[in-house]
Amino acid sequence: MRIAPPDSSILQHSAINLSHLLHSRQVKAVDLMHETLQRIEDVNPKINAVVSLHLDYERLMDEARCADKLLDAAAADADDDGSIMIPCN
């Protein structure tokens with residue numbers, strides 16, 4: 001079975017590139033989460049790759065919004081060399 005590549009340009013990036021895009025604020029975590037959840041919803045019925053779909057979409061989107069706030073704050077406080085420190089609490 002052939003699955004078409006994602007329509008979303010966000011999901012066509014590697015995980016490493018997505019990390020860079022998130023930290024440089026070129027991509028928002030909420031957009032990435034939304035596109036990821038949409039892709040799971042579109043593709044999983046065909047390939048059954050996700051064993052449990054008991055996903056709390058609102059909780060996941062809340063976590064993405066929180067990540068965006070942390071990344072925005074960290075970007076505002078970035079060191080001169082461009083590095084970003086994010087607390088893991």
Side-chain angles (χ1 to χ4, degrees):
M1 171 182 295
R2 180 153 164 69
I3 302 297
D7 292 332
S8 167
S9 62
I10 293 173
L11 297 180
Q12 294 181 13
H13 292 280
S14 69
I16 291 171
N17 196 27
L18 281 170
S19 177
H20 171 73
L21 292 171
L22 284 166
H23 284 91
S24 66
R25 310 310 294 135
Q26 295 175 55
V27 169
K28 297 286 188 184
V30 291
D31 296 332
L32 176 58
M33 181 62 73
H34 173 76
E35 294 298 328
T36 300
L37 293 173
Q38 185 63 52
R39 181 70 173 167
I40 290 170
E41 195 172 289
D42 293 345
V43 174
N44 196 58
K46 298 171 188 160
I47 62 174
N48 198 29
V50 179
V51 176
S52 175
L53 284 178
H54 299 283
L55 302 174
D56 183 344
Y57 288 90
E58 194 53 42
R59 183 181 64 84
L60 292 170
M61 293 304 292
D62 284 344
E63 289 179 12
R65 282 187 281 277
C66 180
D68 277 334
K69 287 180 185 177
L70 287 171
L71 288 166
D72 287 341
D77 294 335
D79 294 336
D80 291 335
D81 64 359
S83 62
I84 297 175
M85 302 294 284
I86 299 176
C88 296
N89 298 351

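Computed over heavy atoms, backbone and side chain alike; hydrogens, waters and symmetry mates excluded. For clarity, every value in this text was computed on a predicted model and none was experimentally measured.
For D31, the CG atom counts as densely surrounded, since its 6.0 Å shell holds more than 12 non-hydrogen atoms of other residues, nucleotides or ligands.
Taking S19 as the reference, H23 meet the side-chain contact (heavy atoms from CB on, under 4.5 Å) condition, with sequence neighbours excluded. Here D42 pairs with Q38 under the side-chain hydrogen bond (donor to acceptor under 3.5 Å, both in side chains) rule; sequence neighbours left out. The side-chain contact (heavy atoms from CB on, under 4.5 Å) search around A4 returns none, not counting sequence neighbours. N17 meets the side-chain hydrogen bond (donor to acceptor under 3.5 Å, both in side chains) test with H13; sequence neighbours excluded. Judged as a side-chain contact (heavy atoms from CB on, under 4.5 Å), and not counting sequence neighbours, the contacts of I16 are S14.
The shortest distance between side-chain heavy atoms of K28 and I10 does not fall below 4.5 Å.
The shortest non-hydrogen separation linking L22 to V27 is CD2-O, 3.5 Å. When all heavy atoms are compared, the tightest approach of E41 to P45 is O-CD, 3.3 Å.
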Using atom types as modelled, flag every donor-acceptor pair under 3.5 Å from a side chain in residues 60-68 to any protein atom, sequence neighbours excluded.
from	atom 1	to	atom 2	distance (Å)
D62	OD1	R65	NH2	2.5
E63	OE2	R59	NH1	2.5
R65	NH2	E58	OE2	2.7
D68	OD1	R25	NH2	2.9
D68	OD1	A29	N	2.7
D68	OD2	A29	N	3.3
D68	OD2	V30	N	3.1

